[in-house]
Amino acid sequence: MTTETRRIQIRGIPVELVRKDIQNLHLGVYPPLGRVRVAVPLVISDEAVRLAVIDKLGWIRRQRARFAQQPRQSQREMVNGESHFFLGKRYRLRVHELAAPAHVALRGIASLDLFVRPGTSVAQREEVLAQWYRLQLKERIAPLLEKWQRLLRVQAMAWGVKKMKTKWGSCNPKAGRIWLNLELAKKPEVCLEYIVVHELLHLLERRHNDRFAGLMDQHLPHWRMCRETLNAGVLGHEVWDY
Ligand SMILES: [Zn+2]
């Protein structure tokens, strides 16, 4: 596949321009600093790219402004009172130092209890929580995959959960392998279902084309609402063509 990457400036904003063998133009603004990347088909001229980006300048600036305001994940201190999200709900973190194996528990509707050994570092506390998110996510993904594989008559050969910087999920149709972003644990469950369906549909249609959008409309009519919810979060990302 031919790929060419260049850096250009559009109205003072640095833009990473990637030309490759794709059909549609994709624009994304990525955390943590609001990096702008536009992937375009080989045949589109520089001028057309420039106009397309200028057309979306308002959206790009809003995304960048939001990243600038957002507290970074790395600034998390993992201390009492901090807000953490699980399945779209906000919880208050309570840290309990105990000489026992680390674990996490939800208490009531608003508390997320983190049990760690005394002297545990911030990074270790984060890891305990990440492991818990991973487990919770996997427990929810398994039945969703089962349900949708049956409905769509497709079969993923393998799936997993991992930390991803710019995508909510990915699918390698050839290998039949699906990855889901660990961050989905923080989002409402309908969003998780949307990403599961989206990635499974790539087993039927690789590209984000009209056929793909049609399949989404057919199987999950509220998918655009889910996408909005996800785009409002840290991984702001827009695909223009659907
Ligand atoms: Zn996709």
Side-chain angles (χ1 to χ4, degrees), residues 29-34 62-147 159-170 178-199 222 225-237:
V29 181
Y30 299 101
L33 300 173
R62 283 196 301 281
Q63 293 292 104
R64 285 168 63 89
R66 208 169 54 204
F67 289 139
Q69 286 163 8
Q70 246 160 15
R72 299 280 136 65
Q73 295 278 326
S74 58
Q75 287 172 0
R76 283 292 165 89
E77 292 172 70
M78 303 301 289
V79 293
N80 281 324
E82 216 171 56
S83 286
H84 287 263
F85 282 82
F86 176 56
L87 300 182
K89 295 199 190 86
R90 183 200 291 269
Y91 291 87
R92 247 168 206 285
L93 184 69
R94 287 167 195 273
V95 181
H96 308 269
E97 295 197 314
L98 279 180
H103 68 282
V104 176
L106 293 180
R107 186 151 48 92
I109 55 163
S111 284
L112 196 153
D113 288 357
L114 180 66
F115 297 86
V116 289
R117 291 183 192 276
T120 310
S121 71
V122 174
Q124 286 168 325
R125 290 176 181 196
E126 277 176 338
E127 192 47 38
V128 171
L129 186 57
Q131 288 301 337
W132 183 77
Y133 276 142
R134 186 182 298 271
L135 200 73
Q136 297 297 319
L137 203 50
K138 284 193 156 180
E139 275 180 10
R140 284 161 179 82
I141 291 167
L144 283 173
L145 274 173
E146 210 169 293
K147 168 184 165 186
W159 64 277
V161 169
K162 66 175 177 181
K163 291 182 183 173
M164 298 165 93
K165 282 206 172 102
T166 60
K167 292 175 180 172
W168 290 109
S170 72
I178 285 171
W179 287 108
L180 298 154
N181 194 327
L182 181 60
E183 286 289 305
L184 284 166
K186 299 173 187 175
K187 302 296 173 185
E189 251 179 304
V190 287
C191 295
L192 176 60
E193 183 163 37
Y194 156 55
I195 297 297
V196 166
V197 175
H198 179 116
E199 302 310 339
H222 61 281
M225 194 190 75
C226 301
R227 189 182 59 178
E228 286 290 300
T229 305
L230 289 175
N231 283 351
V234 182
L235 293 175
H237 181 207

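Just so it is clear, the values below take in all heavy atoms, side chains as well, and ignore hydrogens, waters and symmetry mates.
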Should [X] and [Y] count as side-chain neighbours, where that means a heavy-atom distance under 4.5 Å?
X	Y	answer
Leu93	Val79	no
Leu230	Arg227	no
Leu137	Leu135	no
Leu106	Trp132	yes
Pro188	Lys89	no
Trp159	Lys138	yes
His84	Leu129	yes

- Query: For the side chain of Asn181 and the backbone of Met164, is there at least one donor-acceptor N/O pair under 3.5 Å apart?
  - Reply: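 Answer holds: yes.
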- Where the side chain of Gln131 meets the backbone of Glu127, is there a donor-acceptor pair that is under 3.5 Å apart?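 The answer is no, because no donor-acceptor pair under 3.5 Å joins these two groups.
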- Please test Glu77 against Glu82 for side chain to side chain contact (heavy atoms under 4.5 Å, CB included), starting from the C-alpha separation and ending with a verdict. CA-CA 8 Å; Glu77 292 172 70; Glu82 216 171 56; 3.7 Å; yes
- Query: Would Tyr194 and Trp168 count as a close aromatic pair, with their ring centres under 6.0 Å?
  - Reply: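 Between Tyr194 and Trp168, the centre distance exceeds or equals 6.0 Å.
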- Message: Salt bridge or not between Arg140 and Glu189? Use side-chain N to carboxylate O under 4.0 Å.
- Response: yes
- Task: Identify whether the distance between the nearest side-chain nitrogen and carboxylate oxygen of Arg125 and Glu97 falls below 4.0 Å.
- Result: yes
Considering all heavy atoms, the nearest [X]-[Y] contact:
X	Y	result
Ala99	Pro118	N-CD, 4.2 Å
Tyr133	Ala185	CD2-CB, 3.5 Å
Ser83	Arg90	OG-NH1, 2.9 Å
Val190	Cys226	O-SG, 3.7 Å

Point-to-point distance, once rounded to the nearest 0.5 Å, from [atom1] of [X] to [atom2] of [Y]:
X	Y	atom1	atom2	value
Leu114	Glu126	CG	CD	10.5 Å
His198	Glu193	NE2	CD	14.5 Å
Ile195	Leu144	CD1	CG	12.0 Å
Leu192	Leu87	CG	CG	8.0 Å

- Message: Tell me every residue that passes side-chain contact (heavy atoms from CB on, under 4.5 Å) with Arg62, counting only those two or more places apart in sequence or in another chain.
- Response: Trp59
- Query: Does the side chain to side chain contact (heavy atoms under 4.5 Å, CB included) test come out yes or no for Asp113 and His96, once each step is laid out?
  - Reply: CA-CA 7 Å; Asp113 288 357; His96 308 269; 3.4 Å; yes
- Task: Tell me, yes or no, whether the heavy-atom count around Glu139 atom CD, taken from other residues, nucleotides or ligands under 6.0 Å, exceeds 12.
- Result: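 Counting other residues, nucleotides and ligands, CD of Glu139 exceeds 12 neighbours.
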- Task: Go through Val29 and Arg64 one step at a time and tell me if the side chain to side chain contact (heavy atoms under 4.5 Å, CB included) criterion holds.
- Result: CA-CA 7 Å; Val29 181; Arg64 285 168 63 89; 3.9 Å; yes
- Message: If you apply the rule side chain to side chain contact (heavy atoms under 4.5 Å, CB included), what do you find for Val128 with Val104, and how did you get there?
- Response: CA-CA 8 Å; Val128 171; Val104 176; 3.9 Å; yes
- Message: In terms of relative ring orientation, are His103 and Phe115 parallel, tilted or perpendicular, with 30° and 60° separating the classes?
- Response: parallel
- Would you kindly say whether Arg94 and Ser111 are connected by a side-chain donor-acceptor distance under 3.5 Å?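 Looking only at side-chain atoms, Ser111 and Arg94 do form a donor-acceptor pair, the distance falling under 3.5 Å.
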- Task: For Arg134, check side chain to side chain donor-acceptor pair (under 3.5 Å) against everything at least two apart and list the hits.
- Result: none
